[in-house]
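Data first, discussion second: the structure below is written as structure tokens.
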Amino acid sequence: MASTEQSCVHPSSTLRQDFEEKRRLTWVGSLGPVAPLRVSPRSAVHPYAAIVLVLKGESRVRHAGDLVLRAGDVHLIPPGDAHGREHSDAQGLGLGFYPEALSPNAEEREARLGPLLRVRAGCHPVLRPTTAQRRRLLRWMRLMEDEQARNERGNEEASLSLLRLVLIELERMASPEALTEPASVGLSRRALTYIETHCLEPLSLAKVARELGRSAPHVAGVVRQETGRTVGEWILECRMAEARSRLRHTDERVDIVADRVGYADVTHFIRLFRRVHGVTPAAWRRRMAPGVR
């Protein structure tokens, strides 16, 4: 796993554990200054998407190049994109979420992830909203933070509704005029995009490499170096995300879920799921039932 020391999203205590273990699909919290580093920062890579709204100060960030974030800027980080903060005296608000939170339907998820997917495709990862847009975005994120802190009945449903408002606001910001500074589209980003689109099909490193027009060892090396994970681990991550979505939102039997996410052998699927989540799919589904924590 790549280091997360310079990640832009740092959940805390129990909320952090719940979010990182995917029992909670969203997290919102304050971000503070980072002292200057004497060595180059190690990149952080995570399977969730992150949105950072800078409220005060300035932050130097590495993400598809060197960036300087200032008050009012919005930084978009798609799942799997390497990034790190070199120095920051900025204060901000960070939002992390797993794409599976948006909808059990893959096409609907993709439609709602428009601005983040465009970053993955090479658009600049920083948006500069108008004052009105920034105020609305801050309002939705603060309300999500409040829901998270109170943890009352209906908390998750309310948080997901607010997340959709955040994404709508980002779509409004991300007009063609706002995306005039193209970032580089690296091989690992292209590989991740292909994996996310085709992970439920029979998929292997060889097929990903063939589709990208590169050798399998080259693709394997670049993805591992830039993300800290292998191609196979990213395929597994995407399939497990779809499995969790189906376990949450449908009453499909575990063997049906296994087949839907690319595993004809249900025993193999259960073994992989337990390795990733620490429990069987059936136990995970029971834990995620309303009112159970």
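The model shown is predicted, which means the values in this text are computed figures rather than measured ones. The first residue of the sequence shown is numbered 1, and numbering continues consecutively from there.
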Taking Gln133 for the side chain and Thr130 for the main chain, is one N or O donor matched with an acceptor at less than 3.5 Å? yes
When you measure from the side chain of Tyr98 to the backbone N and O of Phe19, does any donor-acceptor pair fall under 3.5 Å? yes
Side-chain heavy atoms nearer than 4.5 Å, only ILVMFWY residues, links allowed to pass through others: does that put Leu247 and Ile256 together? no
Grab the two heavy atoms, one from Lys22 and one from Pro47, that are nearest each other, plus how far apart they are. NZ-CG, 4.5 Å
Is Leu170 close to Ile51 at the side-chain level, that is, under 4.5 Å between some pair of heavy atoms? yes
Residues Lys207, Glu211: salt bridge by 4.0 Å N-O rule: no
Checking Asp259 side chain against Ala264 main chain: does a donor-acceptor pair fall under 3.5 Å? no
Main-chain N/O of Cys199 paired to Arg239 side chain as donor or acceptor, under 3.5 Å: yes
Under 3.5 Å: donor-acceptor pair, side chain of Gln148, backbone of Val28: yes
Does any N or O in the side chain of Arg112 come within less than 3.5 Å of the main-chain N or O of Leu167, such that one atom is a donor and the other an acceptor? no
Flag the pair Asp66 and Arg60 as a salt bridge only when some basic side-chain nitrogen lies within less than 4.0 angstrom of an acidic carboxylate oxygen. no
Donor-acceptor contact present, side-chain His83 to main-chain Ala44, <3.5 Å: yes
Do the rings of His46 and Tyr48 sit parallel, tilted or perpendicular, given the 30° and 60° boundaries? parallel
Taking the six-membered ring for Trp, are His63 and His75 parallel (under 30°), tilted (30 to 60°) or perpendicular (over 60°)? tilted
Taking the side chain as everything from C-beta on, heavy atoms only, tell me whether Met240 gets closer than 4.5 Å to Phe269. yes
Between Arg142 and Glu147 (salt bridge meaning N to carboxylate O under 4.0 Å), is one present in this structure? no
Does a salt bridge link Arg229 with Glu237, judged by any charged N lying under 4.0 Å from a carboxylate O? yes
I'd like to check Val126 versus Val74 (side-chain heavy atoms, cut-off strictly below 4.5 Å). Are they in contact? no
Going by heavy atoms in the side chains, are Leu138 and Leu55 under 4.5 Å from each other? yes
With distance as the sole test, does Glu196 use its side chain to make a donor-acceptor pair with the main-chain N or O of Thr193 at under 3.5 Å? no
So do the side chains of Val257 and Pro281 get within less than 4.5 Å of each other, counting heavy atoms only? no
Taking the side chain as everything from C-beta on, heavy atoms only, tell me whether Pro129 gets closer than 4.5 Å to Arg135. no
With heavy-atom distances below 4.5 Å as the criterion, would you say the side chains of Glu110 and Leu117 are in contact? yes
Identified side chain to side chain contact (heavy atoms under 4.5 Å, CB included) partner of Val222 from the options Leu187, Val231, Thr227, Leu212: Leu187
SB check Glu169 Arg172 (cutoff 4.0 Å): yes
Arg248/Glu156 ion pair, N-O < 4.0 Å: yes
Would you say Arg62's side chain and Ala82's backbone share a donor-acceptor pair under 3.5 angstrom? no
So side-chain hydrogen bond (donor to acceptor under 3.5 Å, both in side chains) across residues 269-285, not counting sequence neighbours, yields Arg244-His277
Ignoring hydrogens, what is the shortest heavy-atom contact between Val54 and Gly57? Give both atom names and the distance. CG1-O, 4.2 Å
Audit row: Glu252, Arg260, salt bridge (Lys or Arg N to Asp or Glu O under 4.0 Å) steps and yes/no: CA-CA 10 Å; Glu252 293 173 340; Arg260 300 279 195 225; 3.5 Å; yes
Under 3.5 Å, is there a donor-acceptor pair between the side chain of Ser159 and the main chain of Asn155? yes
Is there a side-chain contact between Arg120 and Pro79 in this structure, where contact means two heavy atoms from C-beta onward sitting under 4.5 Å apart? yes
For Leu102 against Arg164, the heavy-atom pair lying closest together: O-NH2, 3.4 Å
So that I can tick it off, tell me whether Glu100 and Arg109 are bridged by a salt bridge, with the cut-off set at under 4.0 angstrom between side-chain N and carboxylate O. no
Looking only at heavy atoms, which two atoms of Ser245 and Ser103 are closest? And how far apart? OG-O, 4.0 Å
Closest non-hydrogen contact found for Thr230 with Val223 is C-CG1, 4.4 Å
Closest heavy-atom contact between Leu113 and Pro99? CD1-CB, 3.8 Å
